[in-house]
Amino acid sequence: MAALRGLLDRPLASYYLLISSAGLLLVIGLTMVFSATSVRDFAEDGDATASLAKQAVFAVIGVIAFWACQRLPATTYRSLGRPLLLVAVGLLFVLNVLVAWARLAGRDSARIGPLEANLNWLYLGGIQLQPAELAKFALVLWGAHVLARKGAALGWWRELATPLFPVVGLLFVLVGFNDLGTMICLLALLIGLLWAAGVRLRVFGVLSLAGLVGIGLLVAVASLGAGSGDKDAENYRLARLTNFLNPPPPDQCGDPCWQIYQGRLAIEHGGWFGVGLGKGSLKWNWLPEAHNDFIFAIVAEELGVVGCVVVLSLFAVLAYTGLRIARRVDDPFRRLAAAAVTTWLVGQAVINVGGVVGLLPLTGVPLPFISDGGSALVVMLAAVGMLASFARAEPDAARALHARPPARWVRLLWAPLPPLPGRRRTAPPPAARGTVPRARQRREDDKAAPRGARQARARSGTASERRR
C-alpha cells in the first residue's frame, strides 16, 4: 500500500492512469468487436474483418481527436460550448423532423438529397452520425461554463432556471423521443454536473421527480410511435420495464425478454474463465445486438468472470482518475467538466452492464469503448482528451512539467506545456508625476498626512529669537 500511495502521489499519476485505462478499454473493445462480428461478417460478405476494419478507422479518428483535445486550453473549451450545443440541437431537430416525416409516410427512413435519417442516426452522404453523442459532449462544455460563471449565485432557483434547465429540457425531449437510454445518460451527466457545482440537495429531489415524470411520459408515448415503437403494436418500453419487474418463464419469453434470456445464458456458459476468445456460440445469431448493446455478455462467455472483472476494474480506475482530476484542478470550469465527463462515461457503463446482467431495466445504450459504434467512440475519445488536458493542468503536474520540460519535438508532436498555477503578470510601477506636495509627504509610520494639515512647530527659544 505504501508503494501504491507513492505511485499515486507522483505529479503525472492522473494523466498516466487516464490514458492507460482508456487505452486498454479501447484495445479490449476492438478485440471483442472482431470476436462478436467475425462469424456474421464471414457468413454474409465473406470478409471476417469487415466490422473490425470499420471500427478501427473510427478508433484512429478518435485517437486523433484525443490528441487534438489534449492540446487545447480551458478557454478554448469554454468558447466551444455554445457553438457545439447549437450544432447538436440543430442536428437533433433535423433528425426528429425527418423521422416524424418517415413515420407519417409509413417508411423506415426519410431522405432529402444527401441527408437521410433512420431512428437515431443521420447519414450525410457516406458519413454516419449520431447527434445524441455530440449532445452529451456539448452539454458538458456549455453546462460547465454556465455553472462556473454563476459561481456562488447557484443557491438561487432563478439562476438555475435560466438558462440551464430550459436548454436541458429541450435536449431531453429531442433525445428521449427516439432514445430513452441516451436521455437517461444525459440525466446522469446533469446530476454529476450539479453535484460538482455544490447545488442544494432539494434541487436533486425536484430534478429526480421531474426526471421520473418525464421518463414515464416517454414510456407512454412509445405507444404512439416514439422511438422504434409502432402505433398499433405493443409498447416495447413498457414491455422492457414489466419484463424486468416480473420476468416470464423462458419458454414464454419473447422480444425483448429473449435478448435478456440469451445474455444470461452467455454469462452462465462462460463460467469463471470463459470458453476462450473467439469460441463463444451465442453470437451465432442467437443473441441479438451481440456486437453492440450486449457485447458484455460476449465478454462474459468468452473471457469468463476474470475478463468481466478486468473490464469493470478498468472502468473503476477511469472513475477514480476522473474524480481525482476534478478534485485537484483549481479552475472551476475544469472541475465541473471533469466531473461531468466522468459521470457520463461511468454512468453509461453502469447502465449497460446492469441491463445485461439483469440488475437494471434494459435501455439499449452501448458499453463505452467496447461496443461497436463509430460516432460514440470518437466523441468519447475526444472527451478523454479533454480530461488529459485537465490532468496536465493540475498544479503539481504543471510545476513538474515546467521544472523538467520534455524535448521540443515531443511538445510539438504530443502536447504543449500547461500554464503554471497562480502565475500572474505583475503590473509595472506607476510613472513619476513630479514632486509630492509637502502636505502629502509620507510620515515615518507610512501614513499619509491629511490634506491641508501642517506639521506642528515647536515653541522653543525667546520671543526675540522667534521674531528674528
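Heads up: numbering here begins at 1 and tracks the sequence. Note that these values count all heavy atoms, side chains included, but never hydrogens, waters or copies made by symmetry. These numbers were taken from a predicted model, which means no experiment stands behind them.
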Please examine the side chains of [Y] and [X], heavy atoms only from C-beta on, and report whether any two atoms are closer than 4.5 Å.
{"X": "Leu25", "Y": "Pro368", "result": "no"}
{"X": "Val89", "Y": "Val167", "result": "no"}
{"X": "Val168", "Y": "Phe172", "result": "yes"}
{"X": "Ile19", "Y": "Tyr16", "result": "yes"}
{"X": "Phe58", "Y": "Ser375", "result": "no"}
{"X": "Leu98", "Y": "Phe93", "result": "no"}
{"X": "Ile295", "Y": "Asp372", "result": "no"}

Quick check: does any side chain N or O of [X] sit under 3.5 Å from a backbone N or O of [Y], one acting as donor and the other as acceptor?
{"X": "Asp41", "Y": "Ser51", "result": "yes"}
{"X": "Arg411", "Y": "Pro406", "result": "yes"}
{"X": "Asp47", "Y": "Thr49", "result": "yes"}
{"X": "His402", "Y": "Pro419", "result": "no"}
{"X": "Arg71", "Y": "Trp414", "result": "yes"}
{"X": "Gln55", "Y": "Gly373", "result": "yes"}
{"X": "Trp142", "Y": "Leu84", "result": "no"}
{"X": "Ser371", "Y": "Asn292", "result": "yes"}

Enumerate, atom names and distances included, each donor-acceptor pair closer than 3.5 Å involving a side-chain atom of residues 296-306, sequence neighbours excluded.
residue: Glu301; atom: OE2; partner: His269; partner atom: ND1; Å: 3.0
residue: Glu301; atom: OE2; partner: Ser281; partner atom: N; Å: 3.1
residue: Glu302; atom: OE1; partner: Ser35; partner atom: OG; Å: 2.6
residue: Glu302; atom: OE1; partner: Gly278; partner atom: N; Å: 3.0
residue: Glu302; atom: OE2; partner: Ser35; partner atom: OG; Å: 2.9
residue: Glu302; atom: OE2; partner: Gly280; partner atom: N; Å: 3.3
residue: Glu302; atom: OE2; partner: Lys283; partner atom: NZ; Å: 2.9

Which atom of Leu401 lies closest to which atom of Pro418, heavy atoms considered: CD1-CD, 3.6 Å
Heavy-atom closest contact (Arg392 atom, Pro416 atom, distance): NH2-O, 2.8 Å
Any side-chain donor near an acceptor of the partner, Asp293 and Asn352, under 3.5 Å: no
Short side-chain donor-acceptor distance under 3.5 Å, Ser14 and Glu394: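 There is such a pair between these side chains.
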Test side chain to side chain contact (heavy atoms under 4.5 Å, CB included) applied to Thr343 and Leu193, step by step: CA-CA 8 Å; Thr343 310; Leu193 192 63; over 6 Å; no
Working for side chain to side chain contact (heavy atoms under 4.5 Å, CB included), residues Leu189 and Leu187: CA-CA 5 Å; Leu189 188 157; Leu187 180 61; over 6 Å; no
Audit row: Trp121, Leu95, side chain to side chain contact (heavy atoms under 4.5 Å, CB included) steps and yes/no: CA-CA 8 Å; Trp121 290 270; Leu95 174 65; 6.0 Å; no
Let me confirm one number: the [atom1]-[atom2] distance from [X] to [Y], rounded to the nearest 0.5 Å.
{"X": "Thr76", "Y": "Met386", "atom1": "OG1", "atom2": "CE", "value": "12.5 Å"}
{"X": "Ile191", "Y": "Leu194", "atom1": "CD1", "atom2": "CG", "value": "8.0 Å"}
{"X": "Cys185", "Y": "Leu139", "atom1": "SG", "atom2": "CG", "value": "12.0 Å"}
{"X": "Leu18", "Y": "Leu12", "atom1": "CG", "atom2": "CG", "value": "12.0 Å"}
{"X": "Leu17", "Y": "Leu314", "atom1": "CG", "atom2": "CG", "value": "11.0 Å"}
{"X": "Asn96", "Y": "Leu91", "atom1": "CG", "atom2": "CG", "value": "11.0 Å"}

Please output the side-chain donor-acceptor pairs of residues 327-341 that fall under 3.5 Å, not counting sequence neighbours, one pair per line with the distance.
none

For Arg399, all residues meeting salt bridge (Lys or Arg N to Asp or Glu O under 4.0 Å), sequence neighbours excluded: Asp396
Aromatic ring pairing Phe390/Tyr77, orientation class (parallel under 30°, perpendicular over 60°, tilted between):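 Phe390 vs Tyr77 ring planes: perpendicular.
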Derivation and outcome, side chain to side chain contact (heavy atoms under 4.5 Å, CB included), residues Phe369 and Leu318: CA-CA 12 Å; Phe369 305 106; Leu318 185 64; 4.0 Å; yes
Heavy atoms from other residues, nucleotides or ligands near CD of Glu268 exceed 12 (cutoff 6.0 Å):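 Not more than 12 within 6.0 Å, no.
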More than 12 heavy atoms from other groups under 6.0 Å of CZ on Arg10: no
